[in-house]
Amino acid sequence: MAITAVIFDVFGTTLRIASPSHPYRQLLREGAKHGRRPTSGDAHKLMTLDAGIREAADYLGIHVTPSRMSEIESDLQREIESIEVFQDALDGITLLRQHGIATAACSNLAAPYGPAVKSLLPELNAYSFSYELGLTKPAPVIYRAVCRDLGVVPGHLFGDSAQVAMIGDSPRCDRDGPRAVGIKGFHLDRSGTGAIRDLLQFAELVVAQPTETSQSPGSLKWNSPRELGR
């Protein structure tokens, strides 16, 4: 079955932060200054909290002086204002839409970044963000949620019925996680050493797929078999 929808990761895939200031890292460092040890679950908590960075500090029990919090909030705003769309992402999404293929974004994201992503990528058909769902990739629910919003059905591990593909810069979250629920997952390697180097190239491969195919389940026609989906 031909691909009728494509899901994109956000940062590192469709968008980049031109002037990063890492405000959430700053927040955690403030906590460490006052004796709070960072934990392995902090990132998950920050990306599943539907609230601003001031509320995140309260949620994590981090005390920040009002003046320092204002500085962190200013850095966060400047970072958000510096977000840019990769040109190949714009070109790839345009090509997919011209061929009637729906598009979506699925990302682990802190809440303040969500409105900016939607504003910069307004033409997408669906958005699935961790702070809205209360869970992070590679949890299966996040992929199923975006498929539901797109109106597409993931395939099966031993079948060839998948209608949807996903691509991103994390092999774990954007290739392997989607594949586990029947989505054709692919890794974007912007270093230029991988099979898929940019999103226009990927979009061209998607639209080149025949309507009916006898290829192996989840395959697209590129040179490296390691990038084939299931």
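Quick note: numbers below take in every heavy atom, side chains included, and nothing from hydrogens, waters or symmetry partners.
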Does E79 use its side chain to pair, donor to acceptor, with the backbone of S21 at less than 3.5 Å? yes
Hydrophobic clustering (ILVMFWY, side-chain heavy atoms < 4.5 Å, transitive) - are V181 and L150 grouped together? yes
Should Y59 and L46 count as side-chain neighbours, where that means a heavy-atom distance under 4.5 Å? no
Y143 six-ring face occupied by K137 cation (under 6.0 Å, within 45°): no
Under 3.5 Å, is there a donor-acceptor pair between the E132 and Y127 side chains? no
Decide, yes or no, whether a salt bridge links R175 with D9 under the criterion of side-chain N to carboxylate O below 4.0 Å. no
Go through the steps to decide whether Y131 and L49 satisfy the test side chain to side chain contact (heavy atoms under 4.5 Å, CB included), and finish with yes or no. CA-CA 5 Å; Y131 73 88; L49 179 66; over 6 Å; no
Looking at V10, T136, V146, which one forms a side chain to side chain contact (heavy atoms under 4.5 Å, CB included) with F129? V10
Under 4.5 Å between any side-chain heavy atoms of D149 and N125, yes or no? no
Stepwise salt bridge (Lys or Arg N to Asp or Glu O under 4.0 Å) test for R78 and E81: CA-CA 5 Å; R78 283 192 292 270; E81 290 172 354; over 6 Å; no
Euclidean distance, E30 CD relative to T65 OG1, rounded to 0.5 Å: 7.0 Å
Show the numbers, then the answer: is there a side chain to side chain contact (heavy atoms under 4.5 Å, CB included) between H34 and I62? CA-CA 8 Å; H34 294 87; I62 296 174; over 6 Å; no
Regarding R68 and E71, does a basic nitrogen lie under 4.0 Å from an acidic carboxylate oxygen? yes
Pair Q77-E73, side-chain donor/acceptor within less than 3.5 Å: no
If you take all heavy atoms of S82 and S19, which pair is closest and at what distance? OG-N, 3.1 Å
Whether the side chain of S119 engages the backbone of P115 through a donor-acceptor N/O pair (distance < 3.5 Å, no angle test) should be reported. no
Regarding R36 and D42, does a basic nitrogen lie under 4.0 Å from an acidic carboxylate oxygen? yes
Could you state whether L120 and L90 fall into the same hydrophobic cluster, counting links through intermediate Ile, Leu, Val, Met, Phe, Trp or Tyr residues with side-chain heavy atoms under 4.5 angstrom apart? yes
Side chain to side chain contact (heavy atoms under 4.5 Å, CB included) partner of I183, chosen from C106, P140, P154: P154
Taking all non-hydrogen atoms of both residues, which atom of M166 and which atom of P178 are closest, and how far apart? SD-CG, 3.6 Å
Roughly how far, to the nearest 0.5 Å, is the CZ atom of R148 from the CZ atom of R144? 11.5 Å
Taking the six-membered ring of F202, is NZ or CZ of R197 closer than 6.0 Å to its centre and within 45° of its axis? no
Does some side-chain heavy atom of D88 sit less than 4.5 Å from a side-chain heavy atom of R190? yes
Side chain to side chain contact (heavy atoms under 4.5 Å, CB included) assessment of K184 paired with F186: CA-CA 7 Å; K184 300 176 181 181; F186 300 94; 3.7 Å; yes
Examine distances only and state if a side-chain atom of Q26 and a backbone atom of D75 form a donor-acceptor pair shorter than 3.5 Å. no
In the structure I gave you, are the side-chain heavy atoms of V164 and V6 within less than 4.5 Å of one another anywhere? no
Could you check whether any side-chain heavy atom of Q201 comes within less than 4.5 Å of a side-chain heavy atom of I196, counting everything from C-beta outward? yes
Count I, L, V, M, F, W, Y as connected when their side-chain heavy atoms are under 4.5 Å apart, and connections chain through other members. Are I80 and V85 then in the same cluster? yes
Measure the spacing between CZ of F8 and OG1 of T14 and express it to the nearest 0.5 Å. 8.0 Å
Roughly how far, to the nearest 0.5 Å, is CG of L60 from CG of L28? 6.5 Å
pair D174-I167: side-chain heavy atoms closer than 4.5 Å: no
Indicate yes or no: at least one non-hydrogen side-chain atom of L27 is less than 4.5 angstrom from one of M69. yes
Rounded distance [0.5 Å steps], CG in L133 versus CG in L109: 11.5 Å
On a heavy-atom basis, the closest approach of G92 and A203 is O-CB, 3.5 Å
Closest heavy-atom pair, A110 versus M47, reported as atoms and distance to 0.1 Å, is N-CG, 4.1 Å
Separation between NE2 of H44 and OG of S130, rounded to the nearest 0.5 Å: 8.5 Å
Ignoring hydrogens, what is the shortest heavy-atom contact between S128 and I142? Give both atom names and the distance. OG-O, 3.3 Å
Which heavy atom of P112 sits nearest a heavy atom of A51, and at what distance? CD-O, 3.9 Å
Is it true that D189 and T193 share a donor-acceptor pair across their side chains at a distance under 3.5 Å? yes
Does a side-chain heavy-atom distance below 4.5 Å link L199 with D91? no
Under the criterion side chain to side chain contact (heavy atoms under 4.5 Å, CB included), which of I93, L96, L95, T4 is the partner of I101? L96
Pairing of R97 and E123 as salt bridge, 4.0 angstrom limit: no
